[in-house]
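Each remark here refers to the structure printed beneath this line.
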Amino acid sequence: MVTIIYMILATAMFFLQDTYFLIGGVQFSLKNPCVVGILFLALLNFIVTVRPGRTIVLMRHTLVQVLPCAIPFFFSALIWVLSSADSIMIANGTGMIIPQISSVLVAAATLYLFGSHGLWYCLGSMCLANLFRVLVVIWEGGLGAFMAEFYTLIVSFSVETGPLMDALEINDLTFAFGPFLIYLLLKRKEISHWSLWMLTVSLLFVIGLKRTAILAVLLSVLVVWFVQLLPEKAARQASFIIGLGMLLVSFLYIVGIRYGLFQYLEANFGIDTKGRVAMFTNLEPYYDISITYMGKGTGFERYVDWASGTRYQVPQRTLMPIHNDFLRMYLNIGFTGYWVWIWSWLMMRLRYWFRQGGKSAGCVFLGIGIYCFTLFATDNTIYYPYTIIACTLIPMSCDLDILAEKSLEKHRARWED
């Protein structure tokens with residue numbers, strides 16, 4: 001019964017992303033009641049069951065996964081206090097962080113309910129939700145038109161699309177399939193019904209085709225395959241070196257943007273930057289590359305139309321987004337906040353997963369880190385709730401049942417003493 005209720009709630013959550021209702025003139029997504037339902041289901045299950053080992057392990061995992069969401073809030077709160085920010089700015093920023101934290105909690109709730117198998121229940125719900133969307137589009141547009149547009153999408157590698165493919169271009173769901181695809185490729189020998197999962201996830205991933213996501217998956221898998229060939233200690237050291245390199249590259253990327261990297265690429269190589277030159281030029285008055293730069297607070301990007309440079313008095317949700325999550329974080333939480341955040345996001349968690357789950361879990365998290373790093377450099381995925389659920393759920397599920405049993409035995413021995 002719990003499984004059925006969870007599958008209904010999770011499928012609805014993934015399906016209802018862009019469906020909204022109004023309360024007091026404020027828009028809320030219909031997925032939010034589903035999120036609350038999943039958390040409530042896990043809470044009831046926690047009350048009536050006794051799983052101390054799983055509880056202890058998941059509490060540790062959850063704290064580590066939530067930290068990169070909490071740090072921006074901490075630095076933003078300091079900025080809001082020092083700048084005497086109004087309630088609208090605070091509510092706007094807080095409203096961006098809460099969905100991140102609730103996504104981590106959904107992943108933890110799923111694993112509490114089902115243990116390591118929760119990964120497959122969640123993925124199954126995602127597949128069902130996307131399949132329902134595909135069926136709705138086919139019903140409205142016709143199977144022939146759907147297949148013709150899908151063929152054009154594949155042949156042109158998403159350069160050309162039609163209205164039916166556009167209706168299925170749900171960024172968050174597409175990007176959320178990426179981490180599962182990485183997991184399937186890295187853990188092929190350990191997964192039952194691998195061929196069925198691989199076929200289903202690949203097909204749904206391609207229907208919402210994102211070139212950046214495909215590049216991110218390929219880069220992630222290639223790097224991790226190499227690291228996995230190394231002995232345990234060497235794999236851990238290689239992963240830390242890769243992680244440190246990613247940290248340095250992310251900051252140099254921000255510096256390069258500030259001092260004309262995209263202008264140089266456009267002028268000297270004729271690369272179409274899709275309006276990024278104008279956008280990054282409009283960003284320049286709002287930040288500096290300096291250790292004293294404090295940031296503007298989470299959510300500030302919603303106050304400026306980066307396409308024109310127009311600044312508004314209240315946040316807008318329909319403005320051109322900053323297609324660079326590293327720059328967005330630097331803009332919002334400043335020099336010190338950025339380095340604390342990115343260290344907690346990558347290096348601290350990389351060390352944690354190697355320590356908790358050995359080379360297996362550490363390499364899985366490294367793959368997800370590379371995937372997110374690629375997306376952060378070119379897109380706006382850092383606040384996507386479904387992508388956060390996938391990126392949180394996968395490393396947390398690695399050897400969860402074994403870790404829970406070991407934790408229970410350890411604490412049982414301590415209690416007996």
To the nearest 0.5 Å, tell me how far [X] [atom1] sits from [Y] [atom2].
X: Leu327; Y: Arg276; atom1: CG; atom2: CZ; answer: 11.5 Å
X: Arg133; Y: Leu173; atom1: CZ; atom2: CG; answer: 6.5 Å
X: Ile97; Y: Cys69; atom1: CD1; atom2: SG; answer: 8.0 Å
X: Phe175; Y: Ile388; atom1: CZ; atom2: CD1; answer: 13.5 Å
X: Gln65; Y: Leu393; atom1: CD; atom2: CG; answer: 10.0 Å
X: Phe365; Y: Ser360; atom1: CZ; atom2: OG; answer: 14.0 Å

Under 3.5 Å, side chain of [X] to main-chain N/O of [Y], donor-acceptor pair present?
X: Glu190; Y: Arg188; answer: no
X: Tyr293; Y: Leu331; answer: yes
X: Thr11; Y: Ala129; answer: no
X: Asn92; Y: Gly299; answer: yes

Check: Under the side chain to side chain contact (heavy atoms under 4.5 Å, CB included) criterion, do Thr292 and Phe335 qualify, and how do the steps go?
Finding: CA-CA 7 Å; Thr292 60; Phe335 184 94; over 6 Å; no
Check: Quick one: do the Tyr121 and Thr110 side chains pair a donor with an acceptor below 3.5 Å?
Finding: no
Check: Between Tyr112 and Thr49, is any side-chain donor less than 3.5 angstrom from a side-chain acceptor?
Finding: yes
Any idea how [X] and [Y] line up, ring-wise: parallel (<30°), tilted (30 to 60°), or perpendicular (>60°)?
X: Tyr286; Y: Trp306; answer: perpendicular
X: Tyr338; Y: Tyr330; answer: perpendicular
X: Tyr253; Y: Phe262; answer: tilted
X: Phe373; Y: Phe326; answer: tilted

Next item on the list: For this output row, return yes or no: ring centroids of Phe251 and Trp339 closer than 6.0 angstrom.
Entry: yes
Item checked: Test side chain to side chain contact (heavy atoms under 4.5 Å, CB included) applied to Met7 and Leu128, step by step -> CA-CA 9 Å; Met7 292 292 290; Leu128 282 173; 4.0 Å; yes
Item checked: Stepwise side chain to side chain contact (heavy atoms under 4.5 Å, CB included) test for Tyr312 and Val304 -> CA-CA 6 Å; Tyr312 297 90; Val304 182; over 6 Å; no
Next item on the list: Check whether any side-chain heavy atom of Gln100 lies under 4.5 Å from a side-chain heavy atom of Ile382, and answer yes or no.
Entry: yes
Next item on the list: For residues Arg236 and Leu350, determine if any side-chain heavy atom of one lies less than 4.5 Å from a side-chain heavy atom of the other.
Entry: no
Notebook entry, point to check: Arg258 and Glu284: side chain to side chain contact (heavy atoms under 4.5 Å, CB included), yes or no, with the steps?
Noted result: CA-CA 7 Å; Arg258 185 67 173 82; Glu284 289 179 5; 3.6 Å; yes
